[in-house]
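Below is one structure; the comments refer to it alone.
Residue numbers start from 1 in every chain, and the chains themselves are labelled A, B, ... in the order their sequence lines are given, proteins ahead of strands.
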Number of protein chains: 2
Amino acid sequence: MSRTLAKVAYSAEEKQLASFAKAMGHPVRIQILKLLNAQACCYTGDLTDNIPLAQSTISQHLKVLKDAGLIQGEIMPPKVKYCLNQDNWPVAQRLFSELFGLASAGDSPKACRDSEGL
Amino acid sequence: MSRTLAKVAYSAEEKQLASFAKAMGHPVRIQILKLLNAQACCYTGDLTDNIPLAQSTISQHLKVLKDAGLIQGEIMPPKVKYCLNQDNWPVAQRLFSELFGLASAGDSPKACRDSEGL
DNA sequence: TTAGTTTATCGCAAATGTACGATAAACTTT
DNA sequence: AAAGTTTATCGTACATTTGCGATAAACTAA
């Protein structure tokens, strides 16, 4: 048969994962996340200096990441310091891990013998 | 200081990762990926039957996933069988793993002592 | 108070994304 | 050949995203 399929609506986790993914769906935002992951924190100005986009545009990208819950900002007048969101980053980590078949690092997708089509 | 920052342009990997993430940025597409990950393959009709969206809409979502390289489709007249993309799924797996600080499963984001701001 | 620094927000234009119904395309069965 | 099944594509409407310059907001230093 083939009737053991998807539920009709999205689960909270599916929505959360899609929301994280959506926020990550732009190269600049990936760049920002990588930066924060590598060096803990940074100020908006640091990004403005090194990314060839208007300051307002970068601020908008930061807002997207913040609204998605991936980063958090702390006001340190006159600057704002951003870091990965302590609470949600591990959640995102988990959700993506689960989607990708969790761990076993070298796992290949469930075989679909024949494949290579279309 | 603080001048050891981001490069001016995006690397190929950053663009690739953003592209994967963007394709994953919708709950229906997450649902489809989970399904394919869980049961290897499925036909468009299976999705059409179980997701409350028009057939044309689902077809479009499949196209987004296919264009991003996350899934592949094989024509088996009169149906089309979809599976995770054998080549790229592991790539996506790796890129996301790397972004999330690779492995150590329980790692928390690099401390940003003080935090909780804004 | 005034001027300076840093970041967020507003208003706008152009491009993309989302969903639908209608229709075409490909192939099977009668 | 005609009718049926399954999936993709087209055209359309509406919403969201992306990027910019201009401006406001918050706070410090003169």
Of all the choices, [options], which nucleotide is nearest to the side chain of [X] once you look at every atom?
X     : options                : result
A:Q60 : D:dG11, C:dG17, D:dG19 : D:dG19
B:S59 : C:dT16, D:dT9, D:dT6   : D:dT9
A:Y82 : D:dG19, D:dT17, C:dA8  : C:dA8

Could you state the atom-to-atom distance from [atom1] of [X] to [atom2] of [N] in whole Å?
X     : N      : atom1 : atom2 : answer
B:I58 : C:dC20 : CD1   : P     : 9 Å
A:L62 : C:dT7  : CG    : C1'   : 10 Å
B:D46 : D:dT7  : CG    : P     : 8 Å
B:I51 : C:dA19 : CD1   : P     : 11 Å
A:D49 : C:dT5  : CG    : P     : 13 Å
A:M24 : D:dT17 : CE    : P     : 16 Å

For B:E13, is there an ion pair with B:R94 - N to carboxylate O distance below 4.0 angstrom?
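A salt bridge is present here (some side-chain N lies under 4.0 Å from a carboxylate O).
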Indicate yes or no: does A:K79 engage A:E74 in a salt bridge with an N to O separation below 4.0 Å.
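No, this pair does not count.
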Under 4.0 Å: is that the gap between some side-chain N or O of [X] and OP1 or OP2 of [N]?
X     : N      : value
A:H61 : D:dG19 : yes
A:K79 : D:dA26 : no
B:T57 : C:dA19 : no
A:H26 : D:dG19 : yes
B:K22 : C:dG17 : yes

Earlier contact from the 5' end, DNA chain C, for A:T44 and B:L53:
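That would be A:T44.
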On DNA chain D, check which nucleotide each of A:P78 and A:G25 is closest to and give me the residue with the more 5' one.
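The residue whose closest nucleotide sits nearer the 5' end is A:G25.
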Which value, rounded to the nearest 0.5 Å, describes the distance between A:Q60 atom CD and A:D67 atom CG?
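Answer for the CD-CG pair, A:Q60 versus A:D67, is 11.0 Å.
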